[in-house]
Protein chains: 2
Amino acid sequence: MYRSHNCGELRITDADKEVTLAGWVQKSRDKGFMIWIDLRDRYGITQLIFDEARTDETIMQQARSLGREFVIQIKGTVIERESKNVNISTGEIEVLVSELTILNESQLPPFTIEEETDGGEDLRMKYRYLDIRRNPVKNSLLFRHKVTQEVRNYLSDLDFCEVETPYLIKSTPEGARDFVVPSRMNPGQFYALPQSPQTFKQLLMVGGLDKYFQIVKCFRDEDLRADRQPEFTQIDCEMSFIEQEDILNVFEGLTRHLLQTIHRIDIAQFPRMTYDEAMRRYGNDKPDIRFGMEFGELNAITQHKEFTVFNNAELVVGIAVPEAASYTRKQIDALIDWVRRPQIGALGMVYCKCELDGTFKSSVDKFYDQADLAKWAEVTGAKAGDLILVLSGPADKTRTQLSALRMELASRLGLRKPDEFAPLWIVDFPLLEWDEETGRYHAMHHPFTSPKKEDMHLLNTDPGKVRANAYDLVLNGNEIGGGSIRIHDKETQAMMFKHLGFTPEQAQEQFGFLLSAFQYGAPPHGGLAFGLDRLVAILSGQETIRDFIAFPKNNAGRDVMIDAPAPIDQTQLEELSLIVNILEKD
Amino acid sequence: MYRSHNCGELRITDADKEVTLAGWVQKSRDKGFMIWIDLRDRYGITQLIFDEARTDETIMQQARSLGREFVIQIKGTVIERESKNVNISTGEIEVLVSELTILNESQLPPFTIEEETDGGEDLRMKYRYLDIRRNPVKNSLLFRHKVTQEVRNYLSDLDFCEVETPYLIKSTPEGARDFVVPSRMNPGQFYALPQSPQTFKQLLMVGGLDKYFQIVKCFRDEDLRADRQPEFTQIDCEMSFIEQEDILNVFEGLTRHLLQTIHRIDIAQFPRMTYDEAMRRYGNDKPDIRFGMEFGELNAITQHKEFTVFNNAELVVGIAVPEAASYTRKQIDALIDWVRRPQIGALGMVYCKCELDGTFKSSVDKFYDQADLAKWAEVTGAKAGDLILVLSGPADKTRTQLSALRMELASRLGLRKPDEFAPLWIVDFPLLEWDEETGRYHAMHHPFTSPKKEDMHLLNTDPGKVRANAYDLVLNGNEIGGGSIRIHDKETQAMMFKHLGFTPEQAQEQFGFLLSAFQYGAPPHGGLAFGLDRLVAILSGQETIRDFIAFPKNNAGRDVMIDAPAPIDQTQLEELSLIVNILEKD
């Protein structure tokens, strides 16, 4: 037995016990006649003491030879500490060492392995196994485990069955972002790794499995944006004989359970908002509602005042920034520069200070009098001391710009509090979205998403207006889950394919086996998938997912620790009937 | 709401209730004035009744139009059944239907969807989603879920942390059976899919994570034998600061827990047997100990009797087949033919009948008298009425042959009872095995398996005799798990590489990042992996794993349902910088 206790376990009540501990030397302080060592394992840190007066000289010598991250085992006696450390759970005791065994030596680590480290991102990625020793990363992995256990237990208690769907599946003609896997046994043929188990979970519903879930890796070979990973994890779910309301209830229940278990936060009922309303009130289909700053549409009250910018704009829309009327001209100019950056793309911004004395001071005082500006304040909900910021232009674009500004200001003002959780459902997403490039409608969610019955008549006349039985779960400004009720009858499916521009042959080629399955009695069904990496990060009050993945890849899709991907042997290529042929890029 | 109850839920105590059910039409019986329909969902079957005297004529008509596997929703009243069916939980009631909605039609399914089906293996694979509706397959999937939940809860309660390791990793020079994944973003470079997370779990130990597990897919592109899958699932585990004894205790505890929870079987302590002992007593390192028929070595008592076959054999070994002395000459000849088949490869077999009257009758009566044969019976444990079967030849080969015969006879005699569970540990595996082909020693387990300290001195003199800290968990004649204590210090590792014929450069190339990690304080660690597919099958009293996998592949590695693998588009190949080049095979 390597240890009688772990390094986070001993308390003052253990005083006088003989114990055996094992772990890593985090640091040591040598005062000559006394040496203290912080011994660390997964569970915590215990202080060891070596004292000339009480410790064997050979052991004193041994203790002096220990370097950082040496792995040691000690035997000793638990004693009360003279100067207590209230910051750690073992802070009242130390262990007077009587035996010391070096289990393994260590080279000097490339960065300090403590709560705060001096290691940069790249170095920590390369030595990920050392970074995992640090509390912030280790705790993220333990937290992720706790969340997945809670998810599995909650869904299992509701009779959901976790089913492993295959990883070696088939590439579809539109699967441009599929990772493929050459088959040695079937030369010239390829499997594909799933972008999601969508098809298989629907097949399980056809198979009568009724309530399915799976925590599963998904793969997408796309150009990586910051904080995207080529492999990511979903909590994938599907149910049969249900309506949208049933799905929302089950997964609201799951999310409530997580918030309750993890943060002791009770949220009685999640608000629901239609997609249209979210776009109108927040310019965003995943609004952060931890704070206000809702959009006020000013078109009606800004027209016909000779300010042609507003008169000509499809949308004039503003937000009230709390307690920002005191911003200096320089601060406001900086904000205007911020929205004019190419990433945001606004042409300009109008402001109006709501002074504490009840007067208004705006950048368009020439066109709008105090009574006009009072109406602006009313519509945007601005109070005395607030700053109204107004953008104008084409409706969709302007909303997106103002939403970006709203989020940026909220961050700066500390309104996006990491320990506050504000979930909501966004419902009634549009079924189709127009794609300028191909000149046709695309399924916004996917081609099996069902349209709302009451909107079906619009499919021929105004397809963009048709709403879908599709929903997203939003938490703190992030989409953490999304799904839809699927089409299960062949008439609706045929109509959808027509509107998506698929010929029956194309539909057959792309979705053949699912369509075949649907001919044998598909039940009404629908589902939802959570992005686990992000869910865990957000539940933890953080935004970057990388710390919640044990061995993440960098923005070029590389694992810098193991140096993958990498070339493979010629013989291996030959076995796979492949030749590498890198074309020069123009 | 599609249903008030599921189809397995209603009891006689629900009589008179108005209920709504939904499900599939399994079968219908039309007696003209009355129609009965078996309505099926995941939870069971409920009988519906339509009665001319009590049911609307239009609904009678509708009911007559229903085909097999139509999906319907009904409303009706629970009534007591006239002729009860004691075989199903809802057998005391039926539902008198007052409303009927057809939710979806179905084509006639290609095989009957009942407990027993008329569908052949191929057809059921192609229409797997229909096969999943059948109880045997559905229950296998639900059972698998239950097992994985129990595993996760058991290990989590012991502070194990489930960590997802990456699927897109690096191919190693010896990774001939790796599936590879070309990277679009890194032309000419490939990821590999993991054959196991071995390296990553060791890195997690270096990272201090202490107790890791993961239920994880693994991939191996090998020529498939029956009942192998190119993707399979492991329960992968690793612990730090432990000795072999700790690992055996934890995973014996897990297995005991599964047997207890699932079968209410208590097994106090699993027997342990060394590899040598298992080979001697059963000719097999995964002995089925649900029955006896242990090997008896007859060399000492068969020599110098002028039977040269035995005199010249390295090993003469027999088993006692219970109550088989009555076998006819023809039956025994058939057994001799069986062991002489090329798959077994014995040259011949000697038998000895232990007659009920206490006499012996053998095929080598010419050489051995009754007193000799009585000794055979003593050594093999044969009782009056048993049949002793004896093979001879080179030791290893003969043991393997007799083991195959032992298993075959046990199956035929019904001694391998599916509801009996006999786990045991096999320990002290050889560290190295000699490979005739390459003329050198290979690691029997893997190159990080640690040798037993007391055998280290044999590494230079008699490497084949060195035992490893390696162990297998065997259940009912199947290896369900295996693992080892790893080498964590660089001196032992260097010595191992030398004996495995690796130059330091080769070791660096193949295991580079793990060796680097080991320089920063690797703790003593070890682990184990269970094959989940097989574990679940065996716990369920079955031997084939295919029914326990939702969407299995066939023996050619193909998914015949989705028709994968398949060729991919030329444009996709170009994006991946690949050309397919199928060479003619000689």
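Reminder, nothing fancy here: chain letters follow the sequence lines and each chain counts from 1. Because only heavy atoms are used, hydrogens play no part in the values below, and waters and symmetry mates are left out as well, while side chains stay in.
- Considering only heavy-atom pairs separated by less than 4.5 Å from chain B, the leading option among Leu514(A), Asn104(A), Leu103(A) is Asn104(A).
- In terms of heavy-atom pairs under 4.5 Å with chain A, the best-connected choice from Val71(B), Ile169(B), Ile132(B), Asp210(B) is Asp210(B).
- Counting heavy-atom pairs closer than 4.5 Å to chain B, the top residue among Pro109(A), Pro110(A), Gly188(A), Gly67(A) is Gly188(A).
- Residues Arg128(B) and Ala550(B) come closest through the heavy atom pair NE-O, 2.7 Å.
- Highest contact tally toward chain A, considering only Ala566(B), Gly23(B), Pro230(B), is held by Ala566(B) [criterion: heavy-atom pairs under 4.5 Å].
- When every heavy atom of Ser171(A) is checked against every heavy atom of Ile568(B), the shortest pair comes out as CB-CG2, 4.0 Å.
- In this structure, the side chain of His145(B) does not engage the main chain of Phe143(B) through any donor-acceptor pair within 3.5 Å.
- The CD1 atom of Ile215(A) sits 4.0 Å away from the CZ atom of Arg152(A) when rounded to the nearest 0.5 Å.
- The greatest number of non-hydrogen atom pairs below 4.5 Å with chain A, out of Phe551(B), Phe513(B), Tyr520(B), is found for Tyr520(B).
- There is no contact between Asp131(B) and chain A, counting heavy-atom distances below 4.5 Å.
- For the set Ser240(A), Ser156(A), Gly557(A), Ser183(A), the entry with the most heavy-atom pairs within less than 4.5 Å of chain B is Ser156(A).
- Residue Asn6(A): no heavy atom, backbone or side chain, is found under 4.5 Å from chain B.
- The shortest side-chain heavy-atom distance between Phe232(B) and Phe219(B) does not fall under the 4.5 Å cut-off.
- At least one donor-acceptor pair under 3.5 Å links the side chain of Arg177(B) to the backbone N or O of Asp221(B).
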Working for side-chain contact (heavy atoms from CB on, under 4.5 Å), residues Val216(B) and Glu164(B): CA-CA 8 Å; Val216(B) 62; Glu164(B) 295 175 58; over 6 Å; no

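- No side-chain heavy atom of Tyr212(A) sits less than 4.5 Å from a side-chain heavy atom of Cys161(A).
- Here Gln149(A) is the residue among Gln149(A), Met185(A), Glu243(A) with the most heavy-atom pairs under 4.5 Å with chain B.
- The greatest number of non-hydrogen atom pairs below 4.5 Å with chain A, out of Arg68(B), Glu105(B), Lys138(B), is found for Glu105(B).
- Proximity to chain B (any heavy atom under 4.5 Å) is restricted, for Tyr43(A), to the side chain, taken from C-beta onward.
- In this structure, the portion of Ile242(A) lying under 4.5 Å from any heavy atom of chain B is its backbone and not its side chain.
- Interface residue Leu532(A): only side-chain heavy atoms are found under 4.5 Å from chain B.
- At a 4.5 Å heavy-atom cutoff, the contact between Val180(A) and chain B is made by backbone and side-chain atoms alike.
- Of the residues considered (Thr165(A), Thr233(A), Asp489(A)), Thr233(A) shows the highest number of contacts with chain B, using heavy-atom pairs under 4.5 Å.
- Using modelled atom types, one side-chain atom of Trp24(A) and one backbone atom of Gly521(B) make a donor-acceptor pair closer than 3.5 Å.
- Of the atoms belonging to Leu573(A), it is side-chain heavy atoms, and not backbone ones, that fall under 4.5 Å from chain B.
- Chain A forms the most heavy-atom pairs under 4.5 Å with one residue out of Pro552(B), Ala22(B), Pro166(B), Pro182(B), and that residue is Pro166(B).
- Contacts of Asn153(A) with chain B are made by both backbone and side-chain atoms, with heavy-atom separations under 4.5 Å.
- Side chains of Glu162(B) and Gln214(B): a donor-acceptor N/O pair is absent below 3.5 angstrom, by distance only.
- The two residues Phe518(B) and Ile487(B) have their closest heavy-atom pair at CE2-O, 3.4 Å.
- Contacts of Asn581(A) with chain B are made by both backbone and side-chain atoms, with heavy-atom separations under 4.5 Å.
- In terms of modelled atom types and a separation under 3.5 Å, the side chain of Asp569(B) and the main chain of Gln572(B) share no donor-acceptor contact.
- If you measure heavy-atom distances from Leu576(A) to chain B, the contacts under 4.5 Å come from the side chain alone.
- Contacts of Arg3(A) with chain B are made by side-chain atoms alone, with heavy-atom separations under 4.5 Å and no backbone atom involved.
- In this structure, chain B has a heavy atom under 4.5 Å from the side chain of Leu193(A), while its backbone stays farther away.
- Looking at Phe70(A), neither its backbone nor its side chain comes within 4.5 Å of chain B, counting heavy atoms on both sides.
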What do the steps show when you test Gln189(B) against Arg184(B) for side chain to side chain donor-acceptor pair (under 3.5 Å), and what is the final call? CA-CA 8 Å; Gln189(B) 301 192 14; Arg184(B) 198 171 48 90; over 6 Å; no

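- Interface summary for chain B: among Arg40(A), Lys211(A), Arg134(A), the most heavy-atom pairs under 4.5 angstrom belong to Lys211(A).
- Taking the side chain as every heavy atom from C-beta outward, Val163(A) and Arg144(B) never approach each other to under 4.5 Å.
- In this structure, the side chains of Gln229(B) and Asp533(B) stay at 4.5 Å or more apart for every pair of heavy atoms.
- Counting heavy-atom pairs closer than 4.5 Å to chain A, the top residue among Glu231(B), Arg558(B), Lys146(B) is Glu231(B).
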